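Step one of this worksheet: look at the structure below.
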Amino acid sequence: MNTPEEAPPRRLRGLPSRLANQAALTANRIVDRALAQAGVRRYHYALLATLEEYGPASQAGLVRRTGIDRSDMVAIVNDLAERDCLKRAPDPEDRRRNIITITPAGRARLVELDRLIAAAQEEFLAPLPPADREHLIDLLTRLVEPHEDRRQGIGSIR
């Protein structure tokens with residue numbers, strides 16, 4: 001809790017944008033800490049979840065779907081390929097492009113990461129009763145969806 005000399009000014013304490021940012025920072029720290037237990041980061045989880053749900057894709061397609069920066073995508077794909085969580089193969093329609101596919105090991109890893117993410121969400125939402133959690137998710141969704149097309153580069157799980 002903030003002591004009086006650490007408390008932000010009243011006009012800041014009630015700003016929805018500031019409160020949302022503070023909540024996001026807290027959520028990010030909790031999720032990062034949870035995923036660190038498995039030696040991965042949010043981008044790893046986002047990429048595996050995307051491949052599992054939508055199937056094989058080009059790196060460019062994954063950049064568009066996840067919002068992960070193109071320069072970061074290469075490193076994430078390389079890292080997950082080294083861990084046998086995904087494989088790259090030349091696109092039969094365009095040999096200059098690779099198609100990325102989740103492997104059975106990647107699916108197993110994703111199940112493990114889902115458990116860590118669920119625990120992180122539980123920790124983050126612990127102060128709220130179930131009805132408030134559902135309401136919060138509804139409100140946040142209603143705030144985020146109209147701005148989706150303007151969220152370039154803001155992907156991944158929080």
Side-chain angles (χ1 to χ4, degrees), residues 8 12 15-128 133 136-158:
L12 294 181
L15 289 175
S17 58
R18 181 179 179 279
L19 291 169
N21 187 55
Q22 294 300 107
L25 290 171
T26 300
N28 287 340
R29 279 193 296 271
I30 292 168
V31 168
D32 288 346
R33 189 173 57 239
L35 291 176
Q37 296 172 50
V40 299
R41 302 179 67 132
R42 285 180 272 143
Y43 284 163
H44 292 94
Y45 179 75
L47 186 55
L48 289 173
T50 300
L51 288 168
E52 196 276 332
E53 183 168 336
Y54 295 105
S58 68
Q59 285 184 199
L62 291 168
V63 164
R64 286 188 299 275
R65 189 171 292 279
T66 63
I68 297 171
D69 188 81
R70 186 177 23 173
S71 61
D72 293 329
M73 182 63 73
V74 173
I76 297 160
V77 167
N78 288 343
D79 187 33
L80 289 171
E82 287 173 12
R83 298 174 192 223
D84 192 36
C85 291
L86 55 79
K87 65 178 182 173
R88 276 182 285 230
D91 184 340
E93 295 177 15
D94 183 351
R95 302 297 250 174
R96 297 169 295 174
R97 182 170 60 184
N98 284 319
I99 297 297
I100 313 301
T101 305
I102 191 168
T103 63
R107 288 181 196 283
R109 183 71 155 165
L110 184 57
V111 169
E112 173 192 357
L113 299 179
D114 281 338
R115 283 193 293 271
L116 294 173
I117 288 291
Q121 301 307 300
E122 180 62 33
E123 179 182 344
F124 176 61
L125 296 172
L128 302 176
R133 293 174 186 200
L136 175 64
I137 291 167
D138 176 60
L139 290 172
L140 290 171
T141 301
R142 289 170 36 205
L143 283 171
V144 169
E145 283 180 349
H147 304 283
E148 282 291 321
D149 60 335
R150 292 182 253 165
R151 294 182 61 225
Q152 295 297 323
I154 309 176
S156 197
I157 188 79
R158 299 286 183 231

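All values derive from a computational prediction rather than experimental measurement.
Not counting sequence neighbours, the partners of R33 by the side-chain hydrogen bond (donor to acceptor under 3.5 Å, both in side chains) test are E123. Applying the side-chain hydrogen bond (donor to acceptor under 3.5 Å, both in side chains) criterion to E52, with sequence neighbours excluded, gives no partner residue. The side chain to side chain contact (heavy atoms under 4.5 Å, CB included) test applied to L12 returns P8, P9, L15, R18, not counting sequence neighbours. Taking the salt bridge (charged side-chain N to carboxylate O under 4.0 Å, His left out) definition, one finds that R142 meets it with D138, sequence neighbours left out. With sequence neighbours excluded, the residues forming a side-chain hydrogen bond (donor to acceptor under 3.5 Å, both in side chains) with D32 are R42, listed by chain and number. The salt bridge (charged side-chain N to carboxylate O under 4.0 Å, His left out) check on R70 picks up nothing, with sequence neighbours excluded. Residues that satisfy the side chain to side chain contact (heavy atoms under 4.5 Å, CB included) test with L19, not counting sequence neighbours, are absent from this structure. Among residues two or more places apart in sequence or in another chain, the side-chain hydrogen bond (donor to acceptor under 3.5 Å, both in side chains) test is passed with R96 by D94. Every residue meeting the side chain to side chain contact (heavy atoms under 4.5 Å, CB included) condition with A60, not counting sequence neighbours, appears here in chain and number order: S58, R64. For L140, the side chain to side chain contact (heavy atoms under 4.5 Å, CB included) test picks out L136, with sequence neighbours left out.
Taking all atoms of both residues into account, the shortest heavy-atom contact from A23 to F124 is O-CE1, 3.4 Å. In terms of heavy-atom proximity, I99 sits nearest to P56 at CG2-CB, 3.6 Å. Minimum heavy-atom separation, A34 to L116: O-CD1, 3.6 Å.
For residues 81-92, the pairs satisfying side chain to side chain donor-acceptor pair (under 3.5 Å) are N78-R88, D79-R83, D91-R97, with sequence neighbours left out. Among residue pairs with one or both ends in residues 98-111, those qualifying as side chain to side chain donor-acceptor pair (under 3.5 Å) are R109-E112; sequence neighbours excluded.
V77 is listed as a side-chain neighbour of Q59, based on a closest heavy-atom distance under 4.5 Å.
The main-chain N or O of T50 is never found under 3.5 Å from a side-chain atom of R65 such that the two would form a donor-acceptor pair.
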- [ ] For Q121 and I30, run side-chain contact (heavy atoms from CB on, under 4.5 Å): C-alpha distance rounded to whole Å, both residues' side-chain angles, the deciding distance at 0.1 Å, then the answer.
- [x] CA-CA 8 Å; Q121 301 307 300; I30 292 168; over 6 Å; no
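Atom-to-atom distance recorded for D72:CG and L47:CG is 11.5 Å, nearest 0.5 angstrom. Distance check, rounded to the nearest 0.5 Å: CG of N21 to OG1 of T26 gives 9.5 Å. Of the inter-residue distances, the one linking I68 atom CD1 with I76 atom CD1 reads 4.5 Å to the nearest 0.5 angstrom. From L62, atom CG reaches atom CE of M73 across 5.0 Å, with rounding to the nearest 0.5 Å. Here CG of L86 is found 5.0 Å from CG of L80. Values are rounded to the nearest 0.5 Å. To the nearest 0.5 Å, atom CG of residue L35 and atom CG of residue L113 are 6.0 Å apart.
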